[in-house]
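Reminder, nothing fancy here: chain letters follow the sequence lines and each chain counts from 1.
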2 protein chains.
Amino acid sequence: MGAPPRKSRATIIDIARLAGVSKSTVSLVLKNSTLVKAETRERVLGAMQALGYVYNRGAANLRLARSNIVGMVISDLMNPFFTELAVGIEEALYRAGYVPLLANTGEDPERQTRVLQSIFEQGVAGIVISPSNRSDVATLLDIARAGLPIVTVTRRLAESGLPYVGQDNTAGERIAVEHLIGLGHRRIGFLGGYATMATQRERVAGYKEALSAHGIVFEPILIAESPPTRSGGGAAVKTMIDLPDPPTAAVCFNDMVAVGAIRELSRQGIRAGRDFSIVGFDDIAEAAHNAPPLTTVTGETRQLGAEAAHVLLDLIAGAPAPSAPVIGPTRLIVRESSAAPASERTRLRA
Amino acid sequence: MGAPPRKSRATIIDIARLAGVSKSTVSLVLKNSTLVKAETRERVLGAMQALGYVYNRGAANLRLARSNIVGMVISDLMNPFFTELAVGIEEALYRAGYVPLLANTGEDPERQTRVLQSIFEQGVAGIVISPSNRSDVATLLDIARAGLPIVTVTRRLAESGLPYVGQDNTAGERIAVEHLIGLGHRRIGFLGGYATMATQRERVAGYKEALSAHGIVFEPILIAESPPTRSGGGAAVKTMIDLPDPPTAAVCFNDMVAVGAIRELSRQGIRAGRDFSIVGFDDIAEAAHNAPPLTTVTGETRQLGAEAAHVLLDLIAGAPAPSAPVIGPTRLIVRESSAAPASERTRLRA
DNA sequence: AGTGATCTTTGGAACGTTCTAACGAGCAGT
DNA sequence: ACTGCTCGTTAGAACGTTCCAAAGATCACT
């Protein structure tokens, strides 16, 4: 059973013809207007059923000059942090009746520019973007000036003046470092990321704040830059432990760096959480299941995505742009990759 | 600098007016027609520049009765396997000039039905879907019957007759088990997933094939079902080692189960790759960085996504549906979570 | 039967494109 | 001077909706 594939979709006019009414009436039925008589409504609904009618939102949008599609531009979907962010955004959009057009730029600014153009042409209602490194701000501003709501998330483009939703990276890293200091560490490294990334600079700032608040002098050599990946973390921690006077702990740019660092440590026979403390950032799903489970800072990633979506939806609804960046809270989750330094434990035992 | 935000976008007609030509001419310029005189083209391009014109693809699509948007419905984006699949699809679509409308159903069949409807209304050119568990096949078939190309990926809906792109789960699991048998294991468990999942059944089939090919009798008790998650893996391996006569190795429904199992083993003081062998499936990014690095089966996930996209694009271009399922290859990646059983090593040493 | 008032329905323009058919201008060949 | 071409341009219908303005029905009162 089942009708043969139709060549082209039935339209409101086909319905009207079959139900013996005008297309206007069909349109009214479509929007559940109380104006149409119950009996007529039935007839129209029956005709829709019979013809397998599907609403053509594209046509409606053209007429109404609006859209329920939103562009979602993600800088690196393969990074679990951004995956969760995307899921948070998608979920919130979906609840509000919007659907995201996805583009994964893979941190390629040129690709970002192209997809923005394409998304713009598509007639979306707005764009949420986690900008790639070295984003071309001009394109973004062109689009914003054309009147399209844009929200940046996760990476701040301060020069742009675009609405921004992010986490409190500085405060987050500060509590991470304070946790280590509280445990007795005095020599603490910072692993991963590059100073060209706004996020890294913010996290490093928190790191320095915590150090100076506890009278520990900042040593540039204790910052090891690397790609924000597992293997980057491995490399970074290696340079750290090879130092003449190595630290006893390190905070990491993100959880992937932390996981990579822990793995490299264990390869070197150093056990994270006993011989060396590691604290991550982001609380990706993997963190809780790592060996050892990772102490990390969470920015409530999914919530953050939802928040970004809501800011965009407000903008679309005509609200004025938020006057200040929206900064989400940050919270330390203590697991087993951090502990008192070995020297401390020895001293206590003695 | 920078014009004030425009209330509404300039149209082809505005351009025409400014350039002193008809909208038809502007349209020709837009499609790079050789018909228009170079000088006129310049004038039109200048006008576009001046007015900040953006092409309205929605309007064009209405007229042309086609679209360059494709629906991408993913059952669980938080699972790294599906993330990579989605990235593979997105990349291939993007190359072909298409953009994916994303929906993450989170394995909820009702949500899946709703988003399919919404995506359908949107007027997409086709749909790629990794169906959720217990999918409502009827909706999918309704849409397919309406003439919209649909490709299922990863999860086969055999009853549906829809085009399918997947991996060779059976062969993949077979080589995984044969690897363990080759190492000397005779008692091998299967961890994770549920028999209600087509994928699990296919993998279990491969598991049984390998056993019987080597004269090992299959024991139902060595299959431990669980959610296909890290914590599910932990639970599953626990029931396994608590058995009176526990196995010495296990293959897992997927890498997340495997990682969870390894973690639980280590909590029990059992070291994976020495005391107990574990083999995963999917080769998610985390696998190579796990402790110990995970022996696993890869289905070339990203490639698979690209393949699914291409099948869909062909369908959209009017090609007939592939007569048989498209099954991608599968390959074993040996890392450190699998080794000869302890008994074997002892015997060799003696 | 006439007058409103209230329901219900409808024609047609509009949204921003594409495309067909046709038109005018210029020119070569007679 | 006419014919036929080619070149460049264009008017207008069409795509599937929404919505305004207005028309027709129906009904309750006088």
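- One interatomic measurement links the two molecules: CG of Asn61(A) to P of dT17(C), which rounds to 15 Å at whole-angstrom precision.
- One interatomic measurement links the two molecules: CZ of Arg17(A) to P of dG11(C), which rounds to 13 Å at whole-angstrom precision.
- A heavy-atom distance below 4.5 Å is not found between the side chains of Val151(B) and Val326(B).
- The distance from atom CZ of Arg66(A) to atom C1' of dC15(C) is 13 Å, rounded to the nearest whole Å.
- Residues Leu313(B) and Leu93(B) meet the side-chain proximity criterion, which asks for heavy atoms closer than 4.5 Å.
- If you measure from atom CZ of Arg43(B) to atom C1' of dT9(D), you get 11 Å, rounded to the nearest angstrom.
- Rounding to whole angstrom units, CG of residue Asn56(B) and C1' of dT18(C) are separated by 13 Å.
- Side chains of Glu91(A) and Val87(A) form a contact here, defined as non-hydrogen atoms less than 4.5 Å apart.
- Within 4.0 Å of Val44(A), counting heavy atoms only, lies no atom of the nucleic acid at all.
- Within 4.0 Å of Thr11(A), counting heavy atoms only, lie sugar-phosphate atoms of the nucleic acid but no base atom.
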Please produce a list of atom pairs where a protein N or O lies less than 3.5 Å from an N or O of nucleotides 18-21 of chain D.
residue : atom : partner  : partner atom : Å
dT18(D) : OP1  : Tyr55(A) : OH           : 2.8
dT18(D) : OP2  : Ser27(A) : OG           : 2.7
dT18(D) : O2   : Arg63(A) : NH1          : 2.1
dC19(D) : OP2  : Lys31(A) : NZ           : 3.4
dC19(D) : N4   : Ser24(A) : OG           : 3.3

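- The separation between Arg9(B) atom CZ and dT17(C) atom C1' is 12 Å, rounded to whole Å.
- You'll find the side chain of Leu77(A) reaches within 4.5 Å of the side chain of Leu102(A), heavy atoms only.
- OP1 or OP2 of dT9(C) lies within a sub-4.0 Å distance of a side-chain N or O belonging to Thr40(A).
- The CG atom of Leu62(B) sits 9 Å away from the P atom of dT17(D) (whole-angstrom rounding).
- Defined by atom type and a distance below 3.5 Å, a donor-acceptor pair is present between the side-chain atoms of Gln122(B) and Asn68(A).
- When heavy atoms are screened at a 4.0 angstrom cut-off, Val29(A) is found touching no nucleic acid atom at all.
- Both tests pass for Arg9(B) against the ring of Phe120(A): distance under 6.0 Å to the centre and angle within 45° of the axis.
- With 3.5 Å as the limit, one finds no donor-acceptor pair spanning the side chains of Gln117(A) and Thr139(A).
- In terms of position on DNA chain C, the residue among Ala38(A) and Ile13(B) whose nearest nucleotide sits closer to the 5' end is Ala38(A).
- Going from atom CG of Leu35(B) over to atom C1' of dC19(C) covers 12 Å, rounded to whole Å.
- Put simply, Ser22(B) has no side-chain N or O that comes within less than 4.0 Å of OP1 or OP2 on dT9(D).
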